[in-house]
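Here's the structure, in structure tokens; my notes come after.
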Amino acid sequence: MKKVIYLDNAATTRTAPEVVDAMLPYFTEYYGNASTIYELGGSSKKAMNEARETIAGILGAQENEIYFTAGGSESDNWALKATAEAYRAKGNHIITSKIEHHAVLHTCEYLEKNGFEVTYVDVDENGKIKLGELEKAIRPTTILISVMFANNEIGTIQPIREIGEIAHKHGILFHTDAVQAFGQLPINVDEYHIDMLSASGHKLNGPKGIGFLYIRKGVKIRSFIHGGAQERKRRAGTENIPGIVGFGVAAKRAAETMQERTAKEIALRDHLIDRVLKEVPYTRLNGDRTDRLPNNANFSFQFIEGESMLIMLDMEGICGSSGSACTSGSLDPSHVLLAIGLPHEIAHGSLRLTLSEETTLEDIDFVVDTIKGIVGRLRDMSPLYEDFVKKQAAK
Amino acid sequence: MKKVIYLDNAATTRTAPEVVDAMLPYFTEYYGNASTIYELGGSSKKAMNEARETIAGILGAQENEIYFTAGGSESDNWALKATAEAYRAKGNHIITSKIEHHAVLHTCEYLEKNGFEVTYVDVDENGKIKLGELEKAIRPTTILISVMFANNEIGTIQPIREIGEIAHKHGILFHTDAVQAFGQLPINVDEYHIDMLSASGHKLNGPKGIGFLYIRKGVKIRSFIHGGAQERKRRAGTENIPGIVGFGVAAKRAAETMQERTAKEIALRDHLIDRVLKEVPYTRLNGDRTDRLPNNANFSFQFIEGESMLIMLDMEGICGSSGSACTSGSLDPSHVLLAIGLPHEIAHGSLRLTLSEETTLEDIDFVVDTIKGIVGRLRDMSPLYEDFVKKQAAK
Amino acid sequence: MYSEKVMDHFQHPRNMGEIEDASGVGTVGNAKCGDIMRMYLDIDDDGIIQDVKFKTFGCGAAVATSSMATELVKGKNIQEALQVTNKAVMEALDGLPPVKVHCSLLAEEAIHAALWDYAEKHGIKIEGLKKPKSDIHEGEEDEEEEY
Ligand SMILES: Cc1ncc(COP(=O)(O)O)c(C=O)c1O
Ligand SMILES: Cc1ncc(COP(=O)(O)O)c(C=O)c1O
Ligand code: FES
Ligand code: FES
């Protein structure tokens, strides 16, 4: 088999073998329902509580503020819809940013159809939210500010503490989608004034289909999934014990290795960025140069289209992703790239490479060399490039 | 370690080792996101589609009518809330039964708080829905009938085909919570006139945290979890590939072994029921004697309380469950046992034993012998039994 | 879920049974969960509780608290027995899960009911003893805050 260089860790990660090992006994041995009183269920409950403690510890939160869900999307939907419902008497206005994940944006659109008003605050050319605009958007009816911790496409890290301060100064709840940040960046819910926080297991070498929503004690949102009394009556459904256990181990692992791992990733990422910008002409880096996720690089290569690039990279064993219309279901280029001001045709030629702890310097060098060849071939094929070259020549 | 006799398979089941084996490669090897275009994601997508085909095949449905969720509770919430929303223009009335799972009942209560009207139809003393009452409850504004396929506590199987016929005769959508029935009973969505059906992986030796909602083509409900374009844009969230693969294998296994397995379970169940009713005085069987889940037995032992019984059984290595108030979070005895007409104190002394393919005749005989001893000891301790004995003596 | 002490008292309940011609018998029911407890006291002429027995229809916590309560009142005088509160019983059992706090009230109330019965039978008044309710409603555990 061809060697695969997997650089799509923002999409999903490899479940760490020790995470899988930790999960295994809970499938076939300690499979009891955690809500039962016999001993078999007791083991499940204990394991679940351990995971909850681990995660709470990492965030500086209380155990009973962590509610397990089926993933980041559910957490985002829950946070937004249930807050909207619970605080409707107070107001119907929500503030978010233009570059949120669809789990937040489409939920906001849904809320707009149901009588809520949403302000989508602009970001600057590096993808940072405009704090002045954010504060100006606040109305007496604003009940929630939801801004992601770090962006999944361009990696930009938001000034979360400042946003939290603004929210709390005005007595507004603050939710952050930390699906990309949890396990990658240090987060403390008190320091950052966070009232709700979404995370997802599979982004940090944990299993898919498990996430959590942190809900600060006192925030009065209720259930999103109604039914049994699980998760302190706030999230019904038989607990996914193997998933929860796996998430716990992955979170612990991510927190313990964070410093060393991200330092290594940052070095490799910077090497990747430097080489690409230097060696591939007509290329730009998207996202903030320094306030960015340790493992994220996002380029736009002028005159070429993302999906073609991805397929060619795949043929060389390299997995990446693109904000190109052609690769998503929607046919619109990434809303994030448009929001930072890229014209359509440049947004089209974007490539996101997201590293993992397994990425090596050789991988990166091989990837850069490969990109150079592919970009060259695609430009030769591109009528836009032809026009450009002719125009240049005419000068 | 003491031998454990696990008779709580209605709560959750042991994940079958071959199910776990099938899942494993999708954690660490084919871990790619199914929505990507590179090959690693392709393997995930293929595996997911296979599971979808398997499940659709079992139900006589189309592949593109199966939507994966995080479990039975999410499926129930989705079916009810999204139907209510989509068909609100047509009407605001929903019909269900008094003995539904809380995932349906609490969702209905939520809808009642949001402008919907819900009729909770009665059941008879065996837990069968009163069809006449059901049909009489229909109004011009009725948009949905939701009745469970089989009850999780007392095992009673509902006349689903007849309910489906009534629903469709009146142009009303029909949803069934088949969380207990899927994999245990033959189901065909066309024959039974089912428009939506909920199921959950962990009830049939599949993994926890995965379920599906069957939605008949043409039913116009939209998303419950908004965000990415997964599941044909109807259910956002990175797909839980290992979970989906495991569910597929479990479903296939359950369908293939259904006839033989349930015949064996029925024989053991009947032996259990016969011995208990014969050998333990002042005991009744709850639920229909014949139209009941192959693996379900549910007894009420007069004068004693369920939780005490469960703890004593646990000390002998037997895992069961109870409809007693004391074991649930809610302190009210099971709504199902009350709905079939049991007085509070008798509902209290209920014991549910649910078998699996691994249950043996020796297990059952040991369980019956143990129950006899425990019931005796608890009655000696019971002031209610004392009163009863004194009253008998006075006669 | 339960502490070792609770499990021990559940498995080996102390003083379970009846006392014939007891000096006082009290039966109380917990309206919250429908459980019932009966306490028998044998009190001598000096007002010392010489013997005590119980019967309980209830959960593991109810059985364990009845058992512990009988141990705590045995050999005590009436005033001392009145000091055996549900809190004292719970502490002696190394605590109960929050949803089970109400169960311990059964024990306290059953003692009070038996003492009341004793007082009535003997035409005396016990300082600090109020007529027990047959249904207990207090002792709501810390419910999840209703947000
Ligand atoms: C009939 C019924 N419906 C729904 C559910 C909820 O399923 P889950 O716990 O997988 O969310 C269950 C089991 O808990 C059930 O038995
Ligand atoms: C920023 C962000 N939010 C939310 C999600 C949704 O998470 P999940 O796919 O686990 O539901 C993702 C990833 O897909 C993400 O990157
Ligand atoms: S030309 Fe095929 S999607 Fe863009
Ligand atoms: S006394 Fe009923 S729950 Fe304990």
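Keep in mind that what you see is a predicted model, and the values were worked out from it rather than measured. Chain letters run A, B, ... following the sequence lines, proteins first and then strands; every chain starts at 1.
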Which bit of L80(B) is near chain A, if near means a heavy-atom gap under 4.5 Å: side chain, backbone, both or neither? neither

Which bit of I225(B) is near chain A, if near means a heavy-atom gap under 4.5 Å: side chain, backbone, both or neither? both

Tell me, for Y110(A) versus chain B, whether the close heavy atoms (under 4.5 Å) come from the side chain, the backbone, both or neither. side chain

Look at N33(B), N77(B), T12(B), D8(B) and state which one has the largest set of heavy-atom pairs under 4.5 Å with chain A. N77(B)

Hey, does the side chain of K208(B) reach the backbone of Y31(A) with a donor-acceptor pair shorter than 3.5 angstrom? yes

OG of S223(B) to NE2 of H106(A): how many Å apart, nearest 0.5 Å? 9.5 Å

If you tally heavy-atom pairs under 4.5 Å against chain A, which of G209(B), C319(B), G228(B), A11(B) wins? C319(B)

Most contacts with chain B, counted as non-hydrogen pairs under 4.5 angstrom, among I244(A), I318(A), T15(A), V19(A): T15(A)

Just verifying a value: how many Å separate F27(A) CZ and D21(B) CG, rounded to the nearest 0.5 Å? 11.0 Å

Non-hydrogen atoms of chain A under 4.5 Å away: do they reach the side chain of M23(B), the backbone, both or neither? side chain

Which region of E85(B), side chain (C-beta onward) or backbone (N, CA, C, O), has a non-hydrogen atom less than 4.5 Å from a non-hydrogen atom of chain A, or is it both or neither? side chain

Between K81(A) and F224(B), is NZ or CZ placed under 6.0 angstrom from the six-membered ring centre and within 45° of the ring axis? yes

I'd like to know which of G317(B), A236(B), P242(B) tops the heavy-atom pair count under 4.5 Å against chain A. A236(B)

Non-hydrogen atoms of chain B under 4.5 Å away: do they reach the side chain of I210(A), the backbone, both or neither? neither

Pairs of heavy atoms under 4.5 Å with chain A: top-ranked of G320(B), G71(B), S321(B): G320(B)

Name the region of Y30(B), side chain, backbone, both or neither, that has any atom closer than 4.5 Å to a heavy atom of chain A. neither

Interchain contact, T13(A) with chain B, by part (heavy-atom threshold 4.5 Å): backbone

So what's closer than 4.5 Å to chain A heavy atoms on S200(B): side chain, backbone, both or neither? neither

Does any backbone or side-chain atom of R235(B) lie under 4.5 Å from a heavy atom of chain A? Answer side chain, backbone, both or neither. side chain

Under a 4.5 Å heavy-atom cutoff, which of T238(B), V20(B), T107(B) has the most pairs with chain A? T238(B)

Among E74(A), H101(A), H202(A), who wins on heavy-atom pairs under 4.5 Å with chain B? H202(A)

